Structures are given as structure tokens and as C-alpha cells.
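These notes concern the structure reproduced below.
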Amino acid sequence: AEAARTLQKLKQFRSFYLLVLVYIYFTRIAVYLFATCLGYRQTWLRYFVTELGTLVFYAVVGFLFRPVSDNPYLKVDRDAGADVEIEFA
């Protein structure tokens, strides 16, 4: 069970790492190559494409790491603290 959970975390980290690499290459290299083809009046498209790529990146990361009921990172043993009483003074 522990090995399967670790493998799931590694797969999720790998997908996040690849997503970050794609974002960096897109916003630094692909947008630069796109901007070299633009005329003076279309230079605003460079910034538009960069911001659109950023919006897509954050939307995908937010979707992949959204709160879910069966979150592998927040596994809590529900019976562990059931018999402990806490006094408030």
C-alpha cells in the first residue's frame, strides 16, 4: 500500500514537472519565435499569447491539484484520536 501511494505521488510530481517545463519553454522560446514574425502593430499579440499561456498553466495546475475527498497527501487515521479528550481551560 505504501509503495503504491509513493508511486502515485511520483507520477503526480512528474506530470507537474513536465507541465512546468512546457510552460517555461512556451513562454520563453515559443512566444519569442512567434513575436519575431509579428509586425509593429501586432506586438500586443506577444503579450496576449504569454498571458494566455499563463492562464492555461494555472488552470491546469489548479485542476490537477484541486481538493478531492480521497486526497493521497492528507490520509488521516480517523480512529487515532477518537479516545483522546481535550480540556479547554
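Keep in mind it's a predicted model, so treat the numbers as computed, not measured.
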For T6, side chain to side chain donor-acceptor pair (under 3.5 Å) partners two or more places apart: none
Cluster link V20 to F65, ILVMFWY, side chain under 4.5 Å: yes
Atom CZ of R66: over 12 foreign heavy atoms under 6.0 Å: yes
Rounded distance [0.5 Å steps], CG in L7 versus CD in Q12: 12.0 Å
Cluster overlap I24 with V61, hydrophobic side-chain contacts below 4.5 Å: yes
From L33 atom CG to R28 atom CZ, the distance as rounded to the nearest 0.5 Å: 14.0 Å
ILVMFWY cluster, Y58 and V22 together (side-chain gap under 4.5 Å): no
Close side-chain approach of F57 and L19, heavy atoms under 4.5 Å: yes
Remaining members of hydrophobic cluster (4.5 Å side-chain criterion), F48: F26, V31, F34, L38, W44, L45, V49, L52
Residues Y32 and T27: side-chain donor-acceptor under 3.5 angstrom: no
